[in-house]
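What you see is a predicted model, and the numbers here were worked out from it, not measured in a lab. Position 1 is the first residue of the sequence, and the numbers go up from there.
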Amino acid sequence: MSASPGSTHDDADAARRIEADLRFLADDLLEGRQAGTRGYDLAARYVEARFRAMGLEPGGDAGSYLRAVPMVQGLRIPDGAELVLEHDGQRLEFAFERDFLPAIGFDVQRSRVSAPVVFVGYGVHAPEFGYDDFAGIEVEGKIALMFNGAPARFPNDPRAFHSSGREKLAALAARGAVGAVMLSDPEREERAPWARGARNWLTPGMRLLDEEGRPIDTFPELQVTAAASLETARALLAQAPGGAAAVFKDLEAGTLQPFELPGTLTLAQRSVLEPVTSHNVVAMLPGTDPELRLEHVVFSAHLDHVGIGAPVDGDRIYNGAYDNALGTAIMLEAARMSRDTARPRRTLVFVALTAEEKGLLGAHHFARQPGLEGRLVANLNMDMPLMFSAQDDVVPYGIEHSSLRGPTERAAARLGVQLSPDPMPEEVVFVRSDQYAFVRQGIPALYLDAGIQASEPASTPRPRPASSCATTTTSRPTRPTCRSTTPPRCGWRGSTS
């Protein structure tokens, strides 16, 4: 990779800086960097110090690099959780953690609802694709059962949008449902076993607070929501036409139909809530154009991870080296490279975001309330850029929908980097990282991820997290955009938000 005229960039030095940042951010000292904890605060102070040492201007509160993100934190309480199915004189009770987990109640700390049951497929209403899981079915006053995801026949990004849990719950709330249960299925159980995830039920959840101190995106109309294991799904769907096996067969074939189920379902949850504040870390490289400097191009990477949880091989600290200490380290190097090259006309903003693991909360707060003079015109996000050999391509999630396509294609062409399509549409990546918060605000955004075409075969086994970024290729996906993304007036082409 060659440096531009006037640049002091050296690949080996860049690799050492990235590795040093990664090693610190993924160290046990930071205890997994969960938002709202001491470990995350240490990570935020570290990034702040790195920005300050680079000479970047602060973009946080009151002339600092830190921008407060007000949230409410909730913990599940097993005593008070219920999932009970009653039908034809039979009563079937399900066990907390083993069979189901209620969602945290961010509006009320204790709630309980009993209601008739309805199955609504994926819980998707997409008239643009001639698809409606609510056709011919009444959900008002009922508890809805549904699967994760969206129909495989949808294009990638709309499929991701309609797979979003927020969109599903919003659709149910709008139709008068009083509760919801997200069901596991055989394919999902194979990819992500219920028992493995459920054992971390003690991990707190969070929601943003609005200006009046009320939680955002909580849908209080849905009095209780829950997630259920595969075996619980089989039991809940036992009275479906053809039984649970027929429903799973329809899921695989893409032919799900809504239907009512006999009996009554009872759902209950109990939670403990408390306010918590975490911080985004924001730095700026001012633009040179008197007018365009008020248009901000945002480079983002989430700084948080999931903290301390159930032990894995005796280790309870989830260090988050890949997710996303590596992305943060690469963003820091991109900031340094940008400082050392010709200044762009627009202002570049570099932000290490909090609470991505809690629902993209830091990104949503920043996209709505950046606290900066001017406006945000584009976002380039970095999350888990896993590169285990030299690569010839990068995957730019969301490129089909915004005016960032042209600048990104031109930058990639200059470096000889190909742009590859989403290799895992079933993972609905488009809505699962921080760029989606910008998309929801109508701001063009890309999530840049490692590519899928290796220019040379990996000669060593998959590297351990602590040393994964000590290569000269690690910063490559960010470099095409950190200097050259000065797009014309940005806008969405058929926004999915």
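- The aromatic rings of Trp201 and Phe96 sit perpendicular, their planes meeting at an angle over 60°, well past the 30° parallel limit.
- When atom types are taken as modelled, the side chain of His296 and the backbone of Glu373 share a donor-acceptor pair closer than 3.5 angstrom.
- Put simply, OH on Tyr447 and CD1 on Ile399 are 15.0 Å apart, with the number rounded to the nearest 0.5 Å.
- Using a 4.5 Å heavy-atom threshold, the side chains of Gln223 and Leu267 count as separate.
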(message) With side chain to side chain contact (heavy atoms under 4.5 Å, CB included) as the criterion, how do Leu172 and Leu222 come out once you've worked through the C-alpha distance, each side chain's angles and the decisive distance to 0.1 Å?
(response) CA-CA 8 Å; Leu172 290 174; Leu222 299 168; 4.1 Å; yes
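- In this structure, Val377 and Arg375 have side chains that are in contact, with non-hydrogen atoms separated by less than 4.5 Å.
- For the pair Thr266/Leu83, no side-chain contact is recorded, criterion being any heavy-atom separation below 4.5 Å from C-beta on.
- Relative orientation of the His305 and Tyr318 rings is tilted, given thresholds of 30° and 60° on the angle between their planes.
- Heavy-atom neighbours of Arg188 CZ from other residues, nucleotides or ligands within 6.0 Å: at or below the threshold of 12.
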- Query: After noting the C-alpha distance and the side-chain angles of Thr225 and Met182, does the key distance pass the side chain to side chain contact (heavy atoms under 4.5 Å, CB included) rule?
  - Reply: CA-CA 8 Å; Thr225 62; Met182 196 74 71; over 6 Å; no
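- For the residue pair His364/Asp434, the side-chain donor-acceptor check at 3.5 Å is not satisfied.
- Separating the OG atom in Ser229 from the CD atom in Glu97 is a distance of 11.0 Å, to the nearest 0.5 Å.
- In this structure, Arg33 does not pair ionically with Asp304, as no charged nitrogen and carboxylate oxygen lie closer than 4.0 Å.
- Taking a cutoff of 4.0 Å between a charged side-chain nitrogen and a carboxylate oxygen, Arg50 and Asp21 qualify as a salt bridge.
- Checked by atom type, the side-chain pair Ser433/Asn381 shows a donor-acceptor distance below 3.5 Å.
- In the model, Asn148 has no side-chain atom that pairs as donor or acceptor with a side-chain atom of Ser163 under 3.5 Å.
- In this structure a side-chain-to-backbone donor-acceptor pair under 3.5 Å is missing from Asn200 to Gly309.
- Pro311 approaches Arg199 most closely through the heavy-atom pair O-NH1, 3.4 Å.
- Considering every non-hydrogen atom in both Gly205 and Ile104, the closest pair reads N-CD1, 3.4 Å.
- Across every non-hydrogen atom of Arg76 and Pro102, the tightest pair is NE-O, 2.6 Å.
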Checking side chain to side chain contact (heavy atoms under 4.5 Å, CB included) for the pair Leu22/Phe24: CA distance, chi angles, key distance, verdict? CA-CA 5 Å; Leu22 171 60; Phe24 179 81; over 6 Å; no
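- Take Asn156 and apply the side chain to side chain contact (heavy atoms under 4.5 Å, CB included) test, not counting sequence neighbours, and it matches Asp422, Pro425.
- Taking CD1 from Ile77 and CG from Asp79, the interatomic distance works out to 8.5 Å, rounded to the nearest 0.5 Å.
- A donor-acceptor pair under 3.5 Å links the side-chain atoms of Arg339 to the main chain of Met54, judged by distance alone.
- If you take CE on Met206 and CG on Leu361, they are separated by 8.0 Å, rounding to the nearest 0.5 Å.
- Using modelled atom types, one finds no donor on one side chain facing an acceptor on the other under 3.5 Å when comparing Asp27 with Asn319.
- A donor-acceptor pair under 3.5 Å is absent between the side-chain atoms of Ser184 and the main chain of Ala228, judged by distance alone.
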(Q) Using the rule given for salt bridge (Lys or Arg N to Asp or Glu O under 4.0 Å), can you reason through Asp217 versus Arg440, listing the C-alpha separation, both sets of side-chain angles and the distance that settles it, and then say yes or no? (A) CA-CA 13 Å; Asp217 287 344; Arg440 284 182 61 185; 3.4 Å; yes
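- The side chain to side chain contact (heavy atoms under 4.5 Å, CB included) check on Glu190 picks up nothing, with sequence neighbours excluded.
- Look at Arg112 and Glu82 and you find a salt bridge, because one of the NZ, NE, NH1 or NH2 atoms lies within 4.0 Å of a carboxylate O, short of that distance.
- For Ala352 against Leu303, the heavy-atom pair with the smallest separation is CB-CB, 4.0 Å.
- Across every non-hydrogen atom of Phe51 and Leu332, the tightest pair is CE2-CD2, 3.6 Å.
- Pro344 and Leu285 get closest at one heavy-atom pair: CD-CD2, 4.5 Å.
- Side chain to side chain, Gln269 and Ser271 meet the donor-acceptor criterion of an N or O pair below 3.5 Å.
- Counting only heavy atoms from C-beta outward, the side chains of Met146 and Tyr122 never approach each other to under 4.5 Å.
- Using modelled atom types, one side-chain atom of Thr341 and one backbone atom of Met337 make a donor-acceptor pair closer than 3.5 Å.
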- What do the steps show when you test Val178 against Glu221 for side chain to side chain contact (heavy atoms under 4.5 Å, CB included), and what is the final call? CA-CA 6 Å; Val178 296; Glu221 303 91 339; over 6 Å; no
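- Considering CD of Gln435 and CG of Leu360, their distance stands at 8.0 Å, rounded to 0.5 Å.
- A side-chain donor-acceptor contact under 3.5 Å links Thr328 to the backbone of Asn324.
- Using a 4.5 Å heavy-atom threshold, the side chains of Leu265 and Val84 count as separate.
- Asn379 places no side-chain N or O within donor-acceptor distance of the main-chain N or O of Phe299, the cut-off being under 3.5 Å.
- A donor-acceptor pair shorter than 3.5 Å can be found between the side chains of Lys358 and Gln34.
- Contact check on Arg45 versus Glu48 returns a salt bridge, with a Lys/Arg side-chain nitrogen under 4.0 Å from an Asp/Glu carboxylate oxygen.
- Exactly one of Leu208, Leu209, Val72 qualifies for a side-chain contact (heavy atoms from CB on, under 4.5 Å) with Ile216. That residue is Leu208.
- In the model, Asp383 has a side-chain atom that pairs as donor or acceptor with a side-chain atom of His302 under 3.5 Å.
- Here Asp41 does not pair with Arg38 in a salt bridge; the nearest charged N to carboxylate O distance is not below 4.0 Å.
- Checking side-chain atoms of Thr277 against main-chain N and O of Val69 turns up no donor-acceptor pair under 3.5 Å.
- Annotation: the span from Met384 atom CE to Asp323 atom CG amounts to 4.5 Å, rounded to 0.5 Å.
- Checking Ser420 against Asp393 by side-chain atom types alone, a donor-acceptor pair falls below 3.5 Å.
- In this structure, Leu230 and Pro186 have side chains that are in contact, with non-hydrogen atoms separated by less than 4.5 Å.
- Between Glu231 and Arg98, every side-chain heavy-atom pair lies at or beyond the 4.5 Å cut-off.
- Looking at heavy atoms from C-beta onward, Leu294 lies out of side-chain contact with Arg346 at the 4.5 angstrom threshold.
- Side chain of Tyr397 to backbone of Pro421: no donor-acceptor contact under 3.5 angstrom is found.
- Of the possible donor and acceptor atoms, none in the side chain of Arg432 sits under 3.5 Å from a partner among the backbone N and O of Ala160.
- Two rings, from Phe100 and Phe94, have their centers 6.0 Å or more apart.
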